[in-house]
Amino acid sequence: MKMIEDIIIKPVITEASMDMLSDENHKKYVFKVLPSATKPEIAKAVEAIFPGTKVESVNVINMKRKPKRMGVHFGYTSAWKKAIVTLAADSKPIEFFEGLN
């Protein structure tokens with residue numbers, strides 16, 4: 001059984017994800033999530049971990065592994081799952097991301 005705290009692994013803080021935050025009309029937040037998590041589970045986890053938020057939609061992307069080299073050594077990055085969570089217009093913003101804009 002998945003615990004709510006285990007579904008969301010960490011926030012993804014990149015230039016592209018911060019650009020999604022800057023638009024006032026669309027409150028989109030990006031998280032690295034458990035590979036077996038479903039959209040309803042992700043929505044419930046965000047609403048439970050960040051009180052006062054209302055999730056409007058969840059988009060999920062399975063990030064494939066990529067080949068990487070370090071000198072003569074060859075390997076792959078690990079595959080992971082990314083969730084883009086859109087909050088409702090009347091929802092409270094997530095405080096963690098407020099200082100990062």
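The line from CG of Asp90 to NZ of Lys27 is 7.5 Å long, rounded to the nearest 0.5 Å. Here the CG-NZ distance, from Asn59 to Lys39, works out to 5.5 Å after rounding to the nearest 0.5 Å. Note that the CZ atom of Phe31 and the CD1 atom of Ile84 stand 11.5 Å from one another [nearest 0.5 Å]. Atoms CG and CG, from Asp6 and Leu34 in turn, are 7.0 Å apart once rounded to the nearest 0.5 Å. A distance of 4.5 Å separates CD1 of Ile94 from CZ of Phe50, quoted to the nearest 0.5 Å. Interatomic distance, OG of Ser91 versus CD of Glu47, reported as 8.0 Å (0.5 Å rounding).
Side-chain contact between Tyr29 and Pro93 is present, with heavy atoms from C-beta onward closer than 4.5 Å. Using a 4.5 Å heavy-atom threshold, the side chains of Ile7 and Glu5 count as separate. Residues Lys44 and Ile4 have side chains not in contact (no heavy-atom distance under 4.5 Å, counting atoms from C-beta outward).
Taking both residues in full, the closest heavy atoms of Ile13 and Met18 are given as CG2-CE, 3.9 Å, listed atom of the first, atom of the second, then distance. Contact between Val46 and Thr53 at its shortest, heavy atoms only, is O-OG1, 3.5 Å.
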Practice problem: Please assess Val55 against Thr86 for the test side chain to side chain contact (heavy atoms under 4.5 Å, CB included), listing each intermediate value before the final yes or no. | Solution: CA-CA 6 Å; Val55 176; Thr86 305; over 6 Å; no
Quiz prompt | Lys82 vs Val33, side chain to side chain contact (heavy atoms under 4.5 Å, CB included): CA-CA, chis, key distance, verdict | solution = CA-CA 6 Å; Lys82 176 167 58 172; Val33 295; over 6 Å; no
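Checked against side-chain contact (heavy atoms from CB on, under 4.5 Å), Asn62 has the following partners two or more places apart in sequence or in another chain: Lys81. Taking Glu41 as the reference, Lys2 meet the salt bridge (Lys or Arg N to Asp or Glu O under 4.0 Å) condition, with sequence neighbours excluded.
Geometrically, Arg69 does not engage Phe74 in a cation-pi contact defined by less than 6.0 Å to the ring centre and at most 45° from the axis.
Cluster membership check: Val85 shares its hydrophobic cluster with Ile49, using side-chain heavy-atom separations under 4.5 Å among Ile, Leu, Val, Met, Phe, Trp and Tyr.
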